[in-house]
Undergrad: 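One structure coming up, written as structure tokens, with questions to follow.
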Amino acid sequence: DSMKELAKKMNHQADEEDFLQSVSADIVVWAAESFVPWEIVSPPLGMDRLEEFNALIAPLRSMGALGTRHALHYAFGLHLNPELPDLNASTILNYMRAYFCLYDRIVGIEKIDLARRLTPYINHFEKDYLLKCLDSAYTPDVSALIDDYLAFNPTRNRSLDMLPLFAHIDEERVRAVVDDPRIKSRPTFHYRLPNCDIDNPEWDLSLSWSAWLEVEKLANSPDLGAICEEYAGELQRLTHPIESRWEKRIAELIAEASAKNGSGEGAVEHANGSKV
């Protein structure tokens, strides 16, 4: 009898363990599906192959893929990794300056989702760092550029994450400050700002890539210095964070620069020859 009782207890315990394992597995699946996004990653693509990536969107949408706006906890987005024309400090800084000046306009174009604004993943740069970079007297070599970036931004959580690029240039310098295994060195920017609106039938990669091409054009524009100077003044206005004045002003400046300098084909040709 004692052996039968022991066997019954053991079977009951096994049933409980099977039940708990089953429930645990269900919880893990639910959490993964609810909070951990599936990620589509491509190898480097020339811009003449961008349409191949766009061709994935409709099938994924038809299978139930959901975008940023579907739920408050869907804070994921579209990441682009545009290649640079060279790795000189002046080139890198000009691209950063152009992005800073265009940030308000890009946020307006992208209509960045509230959930993504509230999470730290795409934090913008602090005003002190923006003003440092926008100053025409700031002409660092690449080591100083990296050191200054790390002093102000020892994190991956920036809308334009420079750590992969800087790790490619000087990995030891970066790892000494931010020893994060998620930083993968590569000779590109890590542009994290755009939403992923894959469940929107009107959405594809062209909106976000067109916004980035404006950064390319401005980075290579002879008007960049004057625009940086004006934007630095705008940043110091107390009401700048609560107004959309600069978003409208930068659109005017971009239009004026295009009219004066041509449509910016040179920058677009560079982008088309690069990889993303």
Side-chain angles (χ1 to χ4, degrees), residues 77 79-82 84 87-108 110 112 116-171 173-180 182-183 185 188-194 211-212 214-216 218-219 221 223-247 249-250 253:
H79 293 193
L80 299 174
N81 295 279
L84 288 83
L87 300 182
N88 296 325
S90 58
T91 300
I92 297 170
L93 183 57
N94 279 348
Y95 273 74
M96 292 170 66
R97 286 168 167 164
Y99 175 71
F100 297 158
C101 290
L102 286 163
Y103 175 79
D104 288 359
R105 173 170 166 79
I106 295 173
V107 168
E110 288 281 355
I112 303 301
R116 301 190 73 232
R117 287 174 181 260
L118 295 177
T119 60
Y121 307 127
I122 57 168
N123 283 348
H124 194 42
F125 298 85
E126 297 294 333
K127 184 173 77 171
D128 287 351
Y129 184 66
L130 295 176
L131 291 174
K132 182 180 186 68
C133 290
L134 293 168
D135 188 345
S136 60
Y138 182 55
T139 57
D141 62 16
V142 73
S143 295
L145 181 64
I146 294 173
D147 286 342
D148 290 339
Y149 183 89
L150 292 170
F152 283 89
N153 309 284
T155 176
R156 297 172 67 244
N157 293 335
R158 291 290 181 268
S159 57
L160 184 65
D161 174 20
M162 301 296 296
L163 294 180
L165 173 61
F166 290 155
H168 174 80
I169 295 170
D170 191 339
E171 186 158 10
R173 187 179 295 271
V174 172
R175 300 287 180 193
V177 178
V178 187
D179 189 16
D180 187 330
R182 294 172 298 175
I183 299 170
S185 66
T188 69
F189 296 106
H190 187 195
Y191 176 46
R192 302 158 57 99
L193 183 65
W212 179 259
E214 289 200 354
V215 176
E216 293 258 356
L218 183 55
S221 170
D223 295 297
L224 176 60
I227 292 174
C228 285
E229 184 177 355
E230 184 170 341
Y231 183 48
E234 170 67 22
L235 281 174
Q236 301 199 63
R237 293 177 57 251
L238 291 177
T239 55
H240 169 74
I242 60 173
E243 291 181 345
S244 59
R245 192 173 87 162
W246 182 253
E247 182 183 343
R249 176 59 179 153
I250 188 61
L253 292 170

Undergrad: Go through the side-chain N and O atoms of Asp148 and Tyr138 and say whether any donor and acceptor fall under 3.5 Å apart.
TA: yes

Undergrad: State which residues pass side-chain contact (heavy atoms from CB on, under 4.5 Å) with Asp180; sequence neighbours excluded, sorted by chain then number.
TA: Arg156, Val178, Arg182, Ile183

Undergrad: So which heavy atom on Pro154 is nearest to which on Val177, and how close?
TA: CB-CG1, 4.1 Å

Undergrad: Mind checking whether Ser143 and Arg173 have side chains closer than 4.5 Å, heavy atoms only?
TA: yes

Undergrad: Mind checking the CG-SG spacing from Leu93 to Cys133? Nearest 0.5 Å is all I need.
TA: 5.5 Å

Undergrad: Tell me, do Arg105 and Trp246 make a side-chain contact under 4.5 Å, heavy atoms counted?
TA: no

Undergrad: Rounded to the nearest 0.5 Å, what's the gap from CG on Asp141 to OG on Ser90? Could you check?
TA: 11.0 Å

Undergrad: Quick one: do Arg237 and Glu243 satisfy side-chain contact (heavy atoms from CB on, under 4.5 Å)? Show the steps, please.
TA: CA-CA 10 Å; Arg237 293 177 57 251; Glu243 291 181 345; 2.8 Å; yes

Undergrad: So do Met162 and Leu160 actually touch side chain to side chain, heavy atoms under 4.5 Å?
TA: yes

Undergrad: Drop me the distance from Phe125's CZ to Arg158's CZ, to the nearest 0.5 angstrom.
TA: 6.5 Å

Undergrad: Test side-chain contact (heavy atoms from CB on, under 4.5 Å) on Cys228 and Ser136; report intermediate values, then the result.
TA: CA-CA 8 Å; Cys228 285; Ser136 60; over 6 Å; no

Undergrad: Apply side-chain contact (heavy atoms from CB on, under 4.5 Å) to the pair Ile92 and Phe166, showing each step before the final yes or no.
TA: CA-CA 10 Å; Ile92 297 170; Phe166 290 155; 4.2 Å; yes

Undergrad: With a 4.5 Å limit on heavy-atom distance, are the side chains of Lys132 and Phe152 in contact?
TA: yes

Undergrad: Given the rule in the side-chain contact (heavy atoms from CB on, under 4.5 Å) test, do Asn94 and Leu224 qualify, once you have shown the distances and angles that lead to the verdict?
TA: CA-CA 8 Å; Asn94 279 348; Leu224 176 60; 3.6 Å; yes

Undergrad: Rounded to the nearest 0.5 Å, what separates atom CG in Leu80 from atom CZ in Phe189?
TA: 12.5 Å

Undergrad: Which heavy atom in Ala89 sits nearest to a heavy atom in Val142, and how many Å separate them?
TA: CB-N, 3.5 Å

Undergrad: Test Arg249 against Glu234 for salt bridge (Lys or Arg N to Asp or Glu O under 4.0 Å), laying out the working first.
TA: CA-CA 10 Å; Arg249 176 59 179 153; Glu234 170 67 22; over 6 Å; no

Undergrad: Got a second to check how far Ile146's CD1 is from Asp170's CG, nearest 0.5 Å?
TA: 5.0 Å

Undergrad: Any heavy-atom pair between the side chains of Tyr95 and Phe100 that's under 4.5 Å?
TA: no

Undergrad: Would you say the rings of Tyr103 and His124 are close, in the sense that their centroids are separated by under 6.0 Å?
TA: yes

Undergrad: Taking all atoms of both residues into account, what is the closest heavy-atom pair of His190 and Pro164, and its distance?
TA: CB-CG, 3.9 Å

Undergrad: Any side-chain heavy atom of Leu218 sitting closer than 4.5 Å to one from Leu253?
TA: no

Undergrad: For Glu126, does the CD atom sit with more than 12 other heavy atoms under 6.0 Å from it, leaving out its own atoms?
TA: no

Undergrad: Heavy atoms, side chains only, cut-off 4.5 Å: are Gln236 and Leu131 in contact?
TA: yes

Undergrad: Return the CG to CD1 distance between Leu102 and Ile227, rounded to the nearest 0.5 Å.
TA: 8.0 Å

Undergrad: Would you call Ile122 and Asn157 a side-chain contact if the rule is heavy atoms closer than 4.5 Å?
TA: no

Undergrad: Can you say whether the rings of Tyr191 and Tyr99 are parallel (under 30°), tilted (30 to 60°) or perpendicular (over 60°)?
TA: perpendicular

